[in-house]
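Side chains included, hydrogens not; waters and symmetry mates left out as well; all remaining heavy atoms used.
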Amino acid sequence: CSSLQNGFSGVFKKKAEAGPGQVDDLLDRIERVHVDCELAGKSVRETIGLLQAMTARDFKGDPAQAYTRYLESIELSERRADELRKSIEPMRAAAEPFFAQWSASLGSFTNPEMRRHSQTRLTETRERYQAIVASVEPAHATFDAYNRGLRDHALFLGHDFNPNSVQAIQGELRGLAKLAVEVGGMLDKSRAAARAYVEASSLPVQVEAADR
């Protein structure tokens with residue numbers, strides 16, 4: 001009797017793993033990626049703005065203060081990159097069983113039209129998910145490269161910050177500004193892919209009954 005109960009419990013548990021709760025879990029992970037991409041994009045714009053301001057020909061501010069602000073912005077940008085990295089893996093971990101169980105459930109349909117509709121929705125949903133992965137992973141790698149470039153400029157200017165030294169690295173400054181535009185665009189693309197998934201797959205909104 002105990003073994004029968006254990007077997008029944010196992011079957012019930014497997015069935016309970018699928019459903020709106022699992023859908024919501026993946027949506028939460030994807031929404032986290034969306035937020036982290038947005039925050040990363042803000043860091044990109046802030047850091048390159050500070051660097052360009054302090055290396056501008058007409059810069060009139062306090063060099064020490066500007067350099068300190070630049071260092072702080074780099075530290076924040078690196079934290080944003082780490083947060084984005086940490087949100088990607090949980091998303092992938094939630095997606096694998098979700099799509100595997102959806103695919104396995106297709107064989108349980110008795111109505112062929114319902115099976116076809118579910119298969120179409122599965123294909124479309126998986127494609128939207130893959131669009132996130134295909135954009136966010138290279139975006140994160142490029143973001144890391146951008147942050148390394150920021151650190152190189154901080155290291156250089158920390159020892160030699162004057163009009164002559166700034167003039168010497170004009171090529172590198174232009175290159176980093178170009179990379180900032182590139183990574184910003186990649187992060188925007190990842191954010192848009194995550195938003196498209198959420199908008200297409202979100203659970204129905206619960207509307208609370210009005211007080212009587």
Side-chain angles (χ1 to χ4, degrees), residues 26-56 59 66-96 98-99 124-161 165-201:
L26 180 54
L27 284 168
D28 285 345
R29 306 295 186 182
I30 291 174
E31 286 177 339
R32 183 69 253 174
V33 169
H34 177 278
V35 170
D36 286 339
C37 284
E38 183 175 9
L39 294 174
K42 288 181 179 178
S43 285
V44 170
R45 292 189 293 273
E46 179 183 358
T47 50
I48 197 61
L50 289 171
L51 180 60
Q52 289 175 327
M54 65 189 281
T55 57
F59 175 70
Y67 184 76
T68 298
R69 285 187 61 203
Y70 176 56
L71 285 180
E72 290 172 348
S73 73
I74 294 174
E75 291 171 0
L76 177 59
S77 188
E78 289 171 340
R79 288 200 300 273
R80 296 305 188 203
D82 190 51
E83 289 165 0
L84 179 57
R85 177 185 60 79
K86 289 178 179 178
S87 67
I88 293 173
E89 186 53 41
M91 177 189 70
R92 294 180 67 100
E96 185 176 345
F98 173 72
F99 288 114
E124 293 172 348
T125 305
R126 184 182 277 134
E127 287 175 352
R128 281 191 291 270
Y129 167 75
Q130 290 297 339
I132 302 172
V133 176
S135 60
V136 75
E137 291 187 340
H140 179 261
T142 307
F143 189 26
D144 274 342
Y146 170 73
N147 284 332
R148 290 193 295 271
L150 292 173
R151 279 290 177 189
D152 283 344
H153 282 72
L155 181 62
F156 180 90
L157 295 171
H159 295 91
D160 192 14
F161 186 13
S165 67
V166 170
Q167 183 60 36
I169 60 170
Q170 284 301 303
E172 288 76 11
L173 286 167
R174 287 192 294 270
L176 191 62
K178 182 178 179 181
L179 185 58
V181 173
E182 180 183 350
V183 70
M186 295 173 76
L187 289 166
D188 285 344
K189 182 178 179 182
S190 300
R191 188 162 54 91
R195 185 174 63 248
Y197 184 100
V198 171
E199 290 177 349
S201 303

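The side chain to side chain contact (heavy atoms under 4.5 Å, CB included) test with L173 is passed by exactly one of K178, H153, Q167: H153.
When all heavy atoms are compared, the tightest approach of V166 to T55 is CG1-O, 3.3 Å. Counting all heavy atoms, side chain and backbone alike, Y70 lies closest to T47 at CE1-O, 4.0 Å. Closest approach of F161 and M54 over heavy atoms only: CZ-O, 3.3 Å. Across every non-hydrogen atom of I74 and A154, the tightest pair is CD1-CB, 3.8 Å. Across every non-hydrogen atom of V44 and A180, the tightest pair is CG1-O, 3.5 Å. Shortest non-hydrogen contact noted between S201 and T125 is OG-CG2, 4.0 Å.
Note that CZ of R29 is 10.5 Å distant from CD of E89, once rounded to the nearest 0.5 Å. The distance from the CG atom of L187 to the CZ atom of F143 is 6.5 Å, given to the nearest 0.5 Å. Here the CD1 atom belonging to I48 is positioned 8.5 Å from the CG atom belonging to L179, to the nearest 0.5 angstrom. In this structure, CZ on R32 lies 10.0 Å from CG on L84, to the nearest 0.5 angstrom. Atom CG of residue L39 and atom OG of residue S87 lie 10.0 Å apart, to the nearest 0.5 angstrom. Interatomic distance, CD of E75 versus OG of S43, reported as 12.0 Å (0.5 Å rounding).
The number of heavy-atom neighbours closer than 6.0 Å to CD of E96, taken from other residues, nucleotides and ligands shown, is 12 or below. Around atom CZ of R151, more than 12 heavy atoms belonging to other residues, nucleotides or ligands sit under 6.0 Å away.
Using a 4.5 Å heavy-atom cutoff, the side chains of E127 and Y197 are not in contact. Under the 4.5 Å side-chain criterion, counting only non-hydrogen atoms from C-beta, R126 is in contact with Q130. Proximity of L150 to N147: side-chain heavy atoms (C-beta onward) are separated by under 4.5 Å at one or more points. Side-chain contact between R85 and D144: absent, with no pair of heavy atoms (C-beta onward) separated by less than 4.5 Å. Contact annotation: the side chain of V136 never approaches that of D36 to less than 4.5 Å [non-hydrogen atoms, C-beta and beyond].
Without hydrogens or angle criteria, S77 side chain to S73 main chain gives no donor-acceptor distance under 3.5 Å. For H159 (side chain) and L155 (main-chain N/O), a donor-acceptor pair under 3.5 Å exists by modelled atom type.
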Query - Working for side chain to side chain contact (heavy atoms under 4.5 Å, CB included), residues D188 and R191 - result: CA-CA 5 Å; D188 285 344; R191 188 162 54 91; 3.2 Å; yes

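A salt bridge is absent between D82 and R79: the closest approach of a Lys/Arg side-chain nitrogen to an acidic carboxylate oxygen does not fall below 4.0 angstrom. The residues E83 and R80 are annotated as salt-bridged, a charged nitrogen and a carboxylate oxygen being separated by less than 4.0 angstrom.
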